[in-house]
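All remarks here apply to the structure that follows.
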Amino acid sequence: MNILDEIVEQRKKDIKEKSVTLGFVIPEKRTRAVSPFIPKGKKGVILEIKRASPSKGDIAPDLDTDSTAKAYARAGTSAISVLTEEHYFKGKLEDLKKACAAVDEYASKHGTKPPAILRKDFLLSADEVEIACRCGADAVLLIARILDTKTIVEMAKKCQELGITALIELRLEEDLKKLSEVVKNVSTDFIVCGVNARDLKNFSIDLLTPTALMQEIKAIAGQDTRVVFESGIRTPKAAYFAGSLGFSAMLLGEAAAKNPDQAGKLVSAFVESKETLNAKEWNRYAQRLQEKHKEGSSRPFVKICGITNEKDAVKAASLGADFLGFIFWEKSPRKINPSDLPQIVESLKKAGLREKVRLVGVIVETDTSDAEKAFAAIKDGNLDFIQLHGTDCYSSFTKKEIPHYAVVNIASEENLSKIDEIRQEGEPRILIDARVGNQIGGTGERIADLLVEKVSQKTKLWLAGGISPENVSQIIDKFKPELIDVASGVEATPGKKDFSKLEALFKKIKNL
């Protein structure tokens with residue numbers, strides 16, 4: 001039984017023993033006005049009152065609901081989410097009532113409108129929606145994954161009847177079918193959709209899961225549908241990234257609960273964010289991931305790196321490469337002549353391959369003429385991503401609006417902490433490559449299997465280092481990488497590809 005199933009079973013047991021009131025005294029009727037939950041056309045943030053979670057244990061066990069709710073109101077949050085599940089999150093219905101009273105008091109004292117209050121829990125019936133409303137909630141969380149279609153429609157209809165909002169959390173294809181039925185029965189004025197970056201089965205986080213589903217949600221419920229990015233954000237940089245992807249709101253849990261006084265920085269970063277080229281490329285990548293999932297394909301994306309000429313580029317792309325890498329670094333034997341890149345791109349266009357492949361400029365330092373040429377190629381449309389490959393390349397990179405991803409070179413377990421640091425800044429993918437002395441890339445060496453496994457437990461695996469036609473099947477079978485990056489394994493000489501090796505590589509991949 002996964003943790004989500006466990007929580008739901010405990011919920012059913014609690015309701016059977018204590019009824020939907022969970023043993024608390026519930027007001028006979030609602031006494032406060034309804035505050036709009038994430039109004040259309042406005043970006044907002046939902047800060048969370050949360051003491052613990054199954055994945056983190058105690059987060060803020062001594063959290064005071066009254067003072068925290070007021071701190072969040074002071075930070076300018078649009079809404080406050082109150083965890084009312086007692087066994088795994090150490091919340092209770094009293095927290096909901098206290099939060100409502102606190103924001104009303106704050107608003108009255110300062111002449112402002114109170115933030116909306118969301119009851120976040122594992123609700124299972126329309127009766128629980130009514131309980132939440134009577135306690136003052138302006139919105140309730142409905143987790144599509146744990147509700148059948150009939151029940152979620154009934155619960156959303158109850159929200160509309162009461163004048164509060166249903167925040168419908170979606171993640172799976174079945175969830176989208178349930179949403180389709182909800183919008184047939186309930187006005188979207190009373191519906192906000194949320195996608196959790198955290199998988200509630202195992203509590204792993206993928207920042208691209210919400211963006212992968214956003215367009216599908218809007219296709220079902222309308223382009224003006226409000227979509228919330230839920231979980232996984234801890235820093236202002238990550239908050240800015242989430243905002244740049246096009247979400248109406250962001251829900252912040254642990255980062256806000258641990259540091260209520262710092263919540264304002266997270267709110268500002270999200271609200272002030274704008275769409276960037278970086279966001280557009282990651283949205284595009286997320287959509288491709290979703291397409292692969294629907295196709296039932298388990299084939300990893302393939303990047304062929306160290307391309308220096310037209311023939312190699314066209315051959316790799318025609319065989320099925322998803323990314324082509326061009327190295328912008330003087331010291332590399334695989335360095336491309338930047339003046340050759342426009343002609344390579346033109347050849348890909350003539351072959352009808354340009355839209356099928358993303359082109360990556362690999363840089364090792366950010367303040368060189370090579371790097372500037374790579375940045376210019378992004379502007380000209382001749383590159384789509386920058387790969388930040390040097391030891392300090394990511395930390396010195398300031399042009400975060402440019403599509404990019406970082407590389408972490410792995411030689412020992414000590415290097416794994418760098419992955420955590422970069423992920424906290426909102427980078428959705430990180431390529432890992434082998435570290436051999438001071439050599440940067442193209443080593444032909446593999447990362448130790450144990451270290452690869454540890455990385456795959458942290459994040460979706462983008463893997464480079466020592467991959468060849470001889471071992472690619474074994475690597476894919478063992479580690480299930482999302483992307484593999486191959487350079488020296490398909491070369492005749494550095495900078496020149498061996499077509500027979502390329503063909504062998506793709507044949508092995510397609511036969512898996």
If the threshold is 4.0 Å, N to carboxylate O, is there a salt bridge linking [X] and [Y]?
X: E230; Y: K120; answer: no
X: E105; Y: K70; answer: yes
X: D138; Y: R30; answer: yes
X: R288; Y: E295; answer: yes
X: E174; Y: K177; answer: no
X: R299; Y: D322; answer: yes
X: E94; Y: K97; answer: yes

Working to the nearest 0.5 Å, report the span between [atom1] of [X] and [atom2] of [Y].
X: D95; Y: C135; atom1: CG; atom2: SG; answer: 11.0 Å
X: L252; Y: F229; atom1: CG; atom2: CZ; answer: 9.5 Å
X: L123; Y: M155; atom1: CG; atom2: CE; answer: 5.0 Å
X: T276; Y: I402; atom1: OG1; atom2: CD1; answer: 10.5 Å
X: F190; Y: K158; atom1: CZ; atom2: NZ; answer: 13.5 Å
X: L512; Y: I476; atom1: CG; atom2: CD1; answer: 5.0 Å

Of all heavy-atom pairs between [X] and [Y], which one has the smallest distance, and what is that distance?
X: V34; Y: G163; value: CG1-O, 3.5 Å
X: C193; Y: L179; value: SG-CD1, 3.8 Å
X: G426; Y: F241; value: O-CD2, 3.3 Å
X: P236; Y: L266; value: N-CD2, 3.5 Å

* To do: Given side-chain hydrogen bond (donor to acceptor under 3.5 Å, both in side chains), test R51 with T65 step by step and report yes or no.
  => CA-CA 10 Å; R51 295 188 181 89; T65 302; 3.3 Å; yes
* To do: Would you check if the distance from the ring center of Y285 to the ring center of W462 is below 6.0 Å?
  => yes
* Asked: Which word best sums up how the rings of F301 and F323 line up, parallel for under 30°, tilted for 30 to 60°, or perpendicular for over 60°?
  -> perpendicular
* **Set of residues satisfying salt bridge (charged side-chain N to carboxylate O under 4.0 Å, His left out) with respect to K478, sequence neighbours excluded** => D449
* To do: May I ask you to establish whether K400 and Y394 are in a cation-pi arrangement, using a distance under 6.0 Å from NZ or CZ to the six-membered ring centre and at most 45° from the ring axis?
  => yes
* Kindly indicate whether a cation-pi arrangement holds for K92 with F24, taking the cut-offs as under 6.0 Å to the six-membered ring centre and within 45° of the axis. => no
* After noting the C-alpha distance and the side-chain angles of H404 and E427, does the key distance pass the side-chain hydrogen bond (donor to acceptor under 3.5 Å, both in side chains) rule? -> CA-CA 9 Å; H404 65 276; E427 298 297 338; 3.0 Å; yes
Donor-acceptor under 3.5 Å ([X] side chain, [Y] main chain):
X: R358; Y: D384; value: no
X: K178; Y: L147; value: yes
X: R423; Y: K458; value: yes
X: S273; Y: F270; value: yes
X: D64; Y: S67; value: yes
X: T77; Y: V45; value: yes
X: D175; Y: L172; value: yes
X: R119; Y: A137; value: no
X: R226; Y: I191; value: yes
X: H389; Y: Q387; value: no

* Asked: Are a donor atom and an acceptor atom from the side chains of E216 and Q290 found within less than 3.5 Å of each other?
  -> yes
* Structure fact -> Exactly one candidate in T366, I378, N278, V360 meets side chain to side chain contact (heavy atoms under 4.5 Å, CB included) with I386; the answer is I378
* Would D14 and Q10 satisfy side-chain hydrogen bond (donor to acceptor under 3.5 Å, both in side chains), going step by step from the backbone distance to the final call? -> CA-CA 6 Å; D14 288 344; Q10 180 63 54; 2.9 Å; yes
* Option among E128, E85, H87, E6 that satisfies the side-chain hydrogen bond (donor to acceptor under 3.5 Å, both in side chains) test with R11 -> E128
